[in-house]
Protein chains: 2
Amino acid sequence: MTVDPDEPTPLYIQLANIIRGQIERGELTGRVPSIKTLAQQHGVAMGTAERALVILRDEGTITVVVGRGAFVKRH
Amino acid sequence: MTVDPDEPTPLYIQLANIIRGQIERGELTGRVPSIKTLAQQHGVAMGTAERALVILRDEGTITVVVGRGAFVKRH
DNA sequence: TGGGATTTGTTCGTATGTATC
DNA sequence: TGATACATACGAACAAATCCC
C-alpha cells in the first residue's frame, strides 16, 4: 500500500492516511519510520513525508521528538 | 513591523503573529495581502508566507479561498 | 570531552496544478 | 484567454536535538 500521484487527494494526506491505517490495524507500533525512510519507501520528497507526520502529530496519533523520531501514541 | 531571521522563533510563526496582531488592532480588515505580496514585503519565501496563512486559517482568524485570497473573519 | 551519525525542523527557490476573476 | 492567487510537490541546504562511541 502506497501513494498514488494520479489520485486527486494530495500525497501528504494519502501518506498520513496510510500510516494512520497501519497504526489502527496494529501493523505499526512503537517507532514510526524516519522521514527519510518514509520518503524513499513511498517515492515522495522528504518535505511531503514531513507534512504527513505533522498531520498525525496534530491529530494526536503520534508524538514527535526532534532528534529521536516519531512514535505511536498508546491510549 | 516585520520578521527577524535572528530570532529563535521560526519566520512563519513570526509572520503569523504579526498579521494576527494587525487584525486584532483593526489595522488589517477585509482582504489579507496575497502570499506573493507578504513574501516580498517581509523578505521571506512564498512557502514561508503560505505556512503563516495556514496557521491563521487553522486557528480561525482568517478564511482562505483558492483563486481569491485570504480574508479576515468577522465575529 | 568530543566527534560523527541520525533525525526532525525550518527555509529557500522553483515548478506545476487548480480555482477565481 | 489571460492574469491572479492559493495549494501541492520537489530538491536542496542548514540548524537543532539526540544518540552512540
Side-chain angles (χ1 to χ4, degrees), chain A residues 1-23 28-74, chain B residues 1-23 28-74:
Chain A
M1 184 53 165
T2 188
V3 133
D4 180 5
D6 295 327
E7 283 292 324
T9 306
L11 297 182
Y12 71 98
I13 294 182
Q14 287 186 47
L15 184 50
N17 291 342
I18 290 172
I19 299 172
R20 190 188 308 102
Q22 293 174 339
I23 292 173
L28 178 57
T29 59
R31 167 112 194 275
V32 180
S34 74
I35 290 175
K36 191 177 179 181
T37 301
L38 287 172
Q40 290 174 342
Q41 286 179 345
H42 294 87
V44 298
M46 289 199 296
T48 302
E50 207 270 337
R51 290 187 72 175
L53 293 195
V54 168
I55 291 179
L56 298 172
R57 182 195 63 190
D58 288 352
E59 73 189 18
T61 303
I62 63 174
T63 55
V64 181
V65 185
V66 182
R68 290 193 58 208
F71 302 87
V72 177
K73 261 194 193 169
R74 288 234 159 280
Chain B
M1 183 52 163
T2 188
V3 132
D4 181 3
D6 295 328
E7 283 292 323
T9 306
L11 299 182
Y12 71 97
I13 294 181
Q14 288 186 46
L15 183 51
N17 290 343
I18 290 171
I19 298 172
R20 190 188 308 102
Q22 292 174 339
I23 292 174
L28 178 57
T29 58
R31 167 111 195 277
V32 179
S34 73
I35 290 175
K36 190 176 179 181
T37 300
L38 288 172
Q40 290 173 342
Q41 286 179 344
H42 295 87
V44 298
M46 290 199 295
T48 303
E50 207 270 339
R51 290 187 71 175
L53 293 195
V54 168
I55 290 179
L56 298 172
R57 182 196 63 190
D58 288 353
E59 73 188 18
T61 303
I62 64 175
T63 54
V64 180
V65 185
V66 182
R68 288 193 58 206
F71 303 87
V72 176
K73 262 195 193 168
R74 288 231 160 280

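For DNA chain C, the neighbouring residues in residues 4-13 of chain B, judged by any heavy atom under 4.0 Å, are P10(B), L11(B), Y12(B). Listed in residue order, the members of residues 60-69 of chain A having a heavy atom less than 4.0 Å from DNA chain C are V64(A), V65(A), V66(A), G67(A), R68(A), G69(A). Residues of residues 34-50 of chain B that place a heavy atom closer than 4.0 Å to DNA chain C, in numerical order, are G43(B), V44(B), A45(B), T48(B).
Closest approach of A70(A) to I62(A), counting heavy atoms only: CB-CD1, 3.9 Å. R74(A) approaches T29(A) most closely through the heavy-atom pair NH2-CG2, 4.1 Å.
To the nearest 0.5 Å, atoms CD1 (I23(A)) and CG (L28(A)) are separated by 5.0 Å. To the nearest 0.5 Å, atom CZ of residue R31(A) and atom CZ of residue R68(A) are 9.0 Å apart. The distance from atom CZ of R20(A) to atom CD1 of I13(A), rounded to the nearest 0.5 Å, is 9.5 Å. Atom CD of Q22(A) and atom CD1 of I19(A) lie 7.0 Å apart (nearest 0.5 Å).
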Pair T61(A)-K73(A), side chain to side chain contact (heavy atoms under 4.5 Å, CB included): steps then yes or no
CA-CA 6 Å; T61(A) 303; K73(A) 261 194 193 169; over 6 Å; no
List, one per line, each side-chain donor-acceptor pair under 3.5 Å for residues 41-58 of chain A, sequence neighbours excluded.
from: H42(A); atom 1: ND1; to: L38(A); atom 2: O; distance (Å): 3.1
from: R51(A); atom 1: NH2; to: Y12(A); atom 2: OH; distance (Å): 3.3

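The nucleotide range of DNA chain D contacted by chain B, defined by atoms under 4.0 angstrom from heavy atoms of the protein and reported 5' to 3', is dA5(D) to dA7(D).
Residues passing the side-chain hydrogen bond (donor to acceptor under 3.5 Å, both in side chains) test with E7(A): none are found, sequence neighbours excluded.
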